Protein chains: 2
Amino acid sequence: MAGDGKLEDDGHSVPGPGTAGKHPLDMGCLTEILGFHLRMANVAIFQDYQATMAGLSLTPKQFTVLELVGRNPGVVQIDIAELLSMDKATTMALVDRLEARNFLERRTSTIDRRRKDLFLTGEGQTVLQEARDLIAAHEKRFTSRFSAAELDAFIAQLRRIYLSGEGPHGDQEAGNLPERRTRPD
Amino acid sequence: MAGDGKLEDDGHSVPGPGTAGKHPLDMGCLTEILGFHLRMANVAIFQDYQATMAGLSLTPKQFTVLELVGRNPGVVQIDIAELLSMDKATTMALVDRLEARNFLERRTSTIDRRRKDLFLTGEGQTVLQEARDLIAAHEKRFTSRFSAAELDAFIAQLRRIYLSGEGPHGDQEAGNLPERRTRPD
DNA sequence: TATTGTTATACTCTATAACTATA
DNA sequence: TATAGTTATAGAGTATAACAATA
């Protein structure tokens, strides 16, 4: 029903997320744009996450990296970067912050001395477990809106978006992007 | 199946999104965190969006604002801010950029002279329609992975995440967040 | 007194490019 | 020649705080 190619007028009107539709705006084609809904959901979850994690000061991505290093001792930056679709310099900065807070450490690999194996410190392990506990409660506030089957289907659909070989678009001949855009906001 | 409260070891291992699992990492509890999958999907869509919109240099949020102003001539910043869960200063900066590119203009409201009504310029209307066309093609690369029924269900689930009164968590007694975190990354 | 817009400021995230060292 | 990490730099996005104009 949604999406036969063209984005045109459909006159949908949707109340805002916060107050109960004081000034309902016509959302136009936004209602049928998957990326829009995805972004709105992301923002909503982030806000609760932020309130939940205020004491720990760990961004979602920082938590992700701690969890990855915790589960995969000795993992190197380049693999984390690839998994999370980050630039290696971005990954560097991220790891720098976690290292500065003494949550993880770099050790030069004995096998390939270009590589720095990453390990959690004791403090990192502690903060990771605290974060896991807080996030579990935070998650439950959202996942409780779904049955187990619904949640599994939901996650499967999300994975269908981001697990797809090299990405969806065909040839990528453009190569160089003329202007720089930074974040998925 | 996913989520009985505690986040513990489950040993799931998932290949990275790009190359076909060269270094599969143990994702630990990440596999059952809805916010993680949401973020990964968001990043994947953003990357295709970016490649698609390289020529126009419009971020998703900029496009959203243009569409809102186009559909709701005279809408004011504060309403946009509320709908998109943005700070009013952030909204200001966003509108500034669009105004500097001559895509929209501010006119002092005749009814309430504190307010500035927003309108698309001719150029803004042109660029908006170009963006709609590009985004339609971009969207199709993702939505084509789902049947119409699946897509409707998917979007309904996303809306269930972000349309929920004041947000999910109970009392919000904390009020002031001790540290600042900025973006949902 | 409350609301809307505004400015100033600062900090984080991110990417680009160039560099070092290892392989 | 290619890879991993690193540094320097720059730009966008965001929020906080203060302020002005108006209601």
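Every value quoted in this text rests on a predicted model; they were computed, and no experiment measured them. The chains referred to below are lettered A, B, ... by the order of the sequence lines, with proteins before strands, and numbering in each begins at 1. Reckoned from all heavy atoms, side chains included, excluding hydrogens, waters and symmetry mates.
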Atom-pair distance ([atom1] on [X]; [atom2] on [N]), nearest Å:
| X | N | atom1 | atom2 | value |
| --- | --- | --- | --- | --- |
| A:Met92 | C:dC13 | CE | P | 15 Å |
| A:Leu98 | C:dT12 | CG | C1' | 13 Å |
| B:Asp96 | C:dT9 | CG | P | 16 Å |
| A:Gln77 | D:dT3 | CD | P | 17 Å |
| B:Glu105 | C:dG5 | CD | P | 16 Å |
| B:Phe46 | D:dA12 | CZ | C1' | 11 Å |
| B:Asp79 | C:dT3 | CG | C1' | 12 Å |
| A:Leu94 | D:dG5 | CG | P | 14 Å |

* To do: Would you mind classifying the nucleic acid contact of B:Asp87 as base, sugar-phosphate or nothing, using non-hydrogen atoms under 4.0 angstrom?
  =>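 Contact class for B:Asp87: base.
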
* How is B:Arg106 classified with respect to the nucleic acid when contacts are heavy atoms under 4.0 Å: base, sugar-phosphate, or nothing? ->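 Here B:Arg106 touches the backbone only, sparing every base.
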
* Comparing A:Thr110 and B:Asp112 on DNA chain C - which has the more 5′ nearest nucleotide -> B:Asp112

From [options], pick the nucleotide closest to the side chain of [X]?
| X | options | answer |
| --- | --- | --- |
| B:Arg113 | C:dT16, D:dG5, D:dT22 | D:dT22 |
| A:Thr90 | C:dA15, D:dT14, C:dA23 | C:dA15 |
| A:Lys116 | D:dT7, C:dT7, D:dG5 | D:dG5 |
| A:Ile78 | C:dT4, C:dA8, D:dA4 | D:dA4 |
| A:Arg114 | D:dT3, C:dG5, D:dA15 | D:dT3 |
| A:Lys61 | C:dT16, D:dG5, C:dT14 | C:dT14 |
| A:Gln62 | C:dC13, C:dT22, D:dA21 | C:dC13 |
| B:Arg97 | D:dA8, C:dT14, D:dG13 | D:dG13 |

* Side-chain donor/acceptor contact of B:Arg115 with base of C:dT4 under 3.5 Å -> no

* To do: Mark yes or no for a side-chain to base donor-acceptor pair under 3.5 Å between B:Lys88 and C:dG5, with no hydrogen or angle criteria applied.
  => yes

* For A:Gln77 and A:Arg106, run side chain to side chain donor-acceptor pair (under 3.5 Å): C-alpha distance rounded to whole Å, both residues' side-chain angles, the deciding distance at 0.1 Å, then the answer. => CA-CA 10 Å; A:Gln77 288 176 195; A:Arg106 297 168 158 113; 2.8 Å; yes

* Test: B:Glu123 and B:Arg101 ion pair at under 4.0 Å ->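 No, this pair does not count.
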
* Do A:Glu105 and A:Arg107 meet the salt-bridge criterion of a basic N to acidic O distance under 4.0 Å? ->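 Result for this pair is yes, salt bridge flagged.
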
* Do A:Arg114 and A:Ser109 have a side chain donor and acceptor closer than 3.5 Å? -> no

* **Test item: B:Thr64 side-chain N/O and B:Pro60 main-chain N/O as donor-acceptor pair under 3.5 Å** =>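 Here the side-chain-to-backbone pair exists.
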
* **Check: B:Gln62 side chain, B:Leu94 main-chain N or O, donor-acceptor pair, under 3.5 Å** =>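 Here the side-chain-to-backbone pair does not exist.
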
